[in-house]
Amino acid sequence: MPAIERLTAEGFDAGVKELADLLVDAVDGGASVGFLAPFGHEEAAAWWRSQAPAVADGSLLVWVCRDGGAVLGTVSLALASKPNARHRAEIVKLMVHREARGRGLSRALLATAERAALDAGADLLLLDTETGSTAEHVYRTGGWTRYGIVPDYAGSPDGTLQDCSFFYKRLTGRGMTGIGAKSPVSGVEPTFLP
């Protein structure tokens with residue numbers, strides 16, 4: 001049964017190899033997550049290692065979804081550091097391995113990050129994704145509001161420029177549906193580690 005856990009700084013360091021495998025799979029699968037093909041494991045691991053200081057200082061929270069020890073997906077929450085922005089955070093690098101898609105893991109990871117944002121005092125979340133992608137469908141059907149599209153915003157892994165959709169979600173008031181509720185995916189239980 002898949003379980004979602006937040007990585008501590010030590011757990012993050014130990015999990016870089018698996019996180020790199022997941023990032024390579026996403027890029028190989030055509031996901032626009034910031035990298036161009038060809039994209040190797042060493043480059044992916046170096047990118048994840050560059051995030052370690054933010055994980056250690058608590059400004060970047062990272063979760064993984066595991067099943068039988070294997071990492072199937074991840075999501076990160078970047079907390080704002082500016083005094084006038086502490087009410088908001090950004091969802092980054094929501095990825096599910098291609099072999100594990102269709103099981104609701106992205107929704108479970110997203111719900112976990114949303115709950116943690118609210119617990120951290122951030123009730124406004126932001127994110128961006130490739131327009132027309134499967135990820136955009138997940139956000140649109142998950143209560144997120146698209147507030148704009150920027151044409152030719154970023155290149156897909158093959159370098160083709162793609163439009164990008166920008167979303168927000170309020171976690172209080174009307175955007176509150178599902179927050180604090182049990183995981184929307186049967187059999188996926190969030191595990192919160194210190």
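It should be emphasised that the depicted structure is a prediction, and the values quoted were computed from it without experimental measurement.
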Judged by atom type as modelled, is there a donor-acceptor pair below 3.5 Å linking the side chain of Arg88 to the main-chain atoms of Leu126?
no
Residues Lys169, Asp123: salt bridge by 4.0 Å N-O rule
no
Spatial distance of atom OG (Ser106) from atom CG (Leu72) [nearest 0.5 Å]:
12.0 Å
If I take atom CZ from residue Phe12 and atom CH2 from residue Trp48, how far apart are they, to the nearest 0.5 angstrom?
6.0 Å
Flag the pair Asp21 and Lys17 as a salt bridge only when some basic side-chain nitrogen lies within less than 4.0 angstrom of an acidic carboxylate oxygen.
yes
Which is it for Ser165 and Thr129 under the side-chain hydrogen bond (donor to acceptor under 3.5 Å, both in side chains) test, yes or no, and what are the steps along the way?
CA-CA 5 Å; Ser165 294; Thr129 192; over 6 Å; no
Hey, what do you get for CE (Met95) to OG1 (Thr74), rounding to the nearest 0.5 Å?
5.5 Å
Would you call the rings of Tyr147 and Phe166 parallel, tilted or perpendicular if under 30° counts as parallel and over 60° as perpendicular?
tilted
Value for OG1 (Thr112) from CG (Leu61), rounded to nearest 0.5 Å, stands at 12.0 Å
In Å and rounded to the nearest 0.5 Å, what is the CG to CZ distance from Leu94 to Arg107?
10.5 Å
Using a 3.5 Å distance criterion without hydrogens, assess whether the side chain of Thr160 forms a donor-acceptor pair with backbone atoms of Ser156.
no
Candidate pair Leu125 and Leu77, rule side-chain contact (heavy atoms from CB on, under 4.5 Å), full reasoning:
CA-CA 9 Å; Leu125 293 180; Leu77 180 70; 3.8 Å; yes
Would the distance check show the side chain of Asp163 and the main-chain N or O of Tyr153 forming a donor-acceptor pair, the cut-off being under 3.5 Å?
no
Are there over 12 heavy-atom neighbours, none belonging to His137, within less than 6.0 Å of that residue's NE2?
no
To the nearest 0.5 Å, what is the distance between CD (Glu114) and CG (Leu109)?
11.0 Å
Could you check whether Lys93 makes a cation-pi contact with Trp47, meaning its NZ or CZ is under 6.0 Å from the centre of the six-membered ring and within 45° of the ring axis?
yes
side-chain contact (heavy atoms from CB on, under 4.5 Å) evaluation trace for Asp28 with Arg98:
CA-CA 10 Å; Asp28 286 350; Arg98 286 179 286 175; 3.6 Å; yes
Go through the steps to decide whether Leu7 and Leu19 satisfy the test side-chain contact (heavy atoms from CB on, under 4.5 Å), and finish with yes or no.
CA-CA 11 Å; Leu7 296 178; Leu19 289 166; 4.1 Å; yes
Using side-chain contact (heavy atoms from CB on, under 4.5 Å), reason through Glu136 and Phe167 one step at a time and then give a plain yes or no.
CA-CA 9 Å; Glu136 182 179 37; Phe167 287 85; 3.6 Å; yes
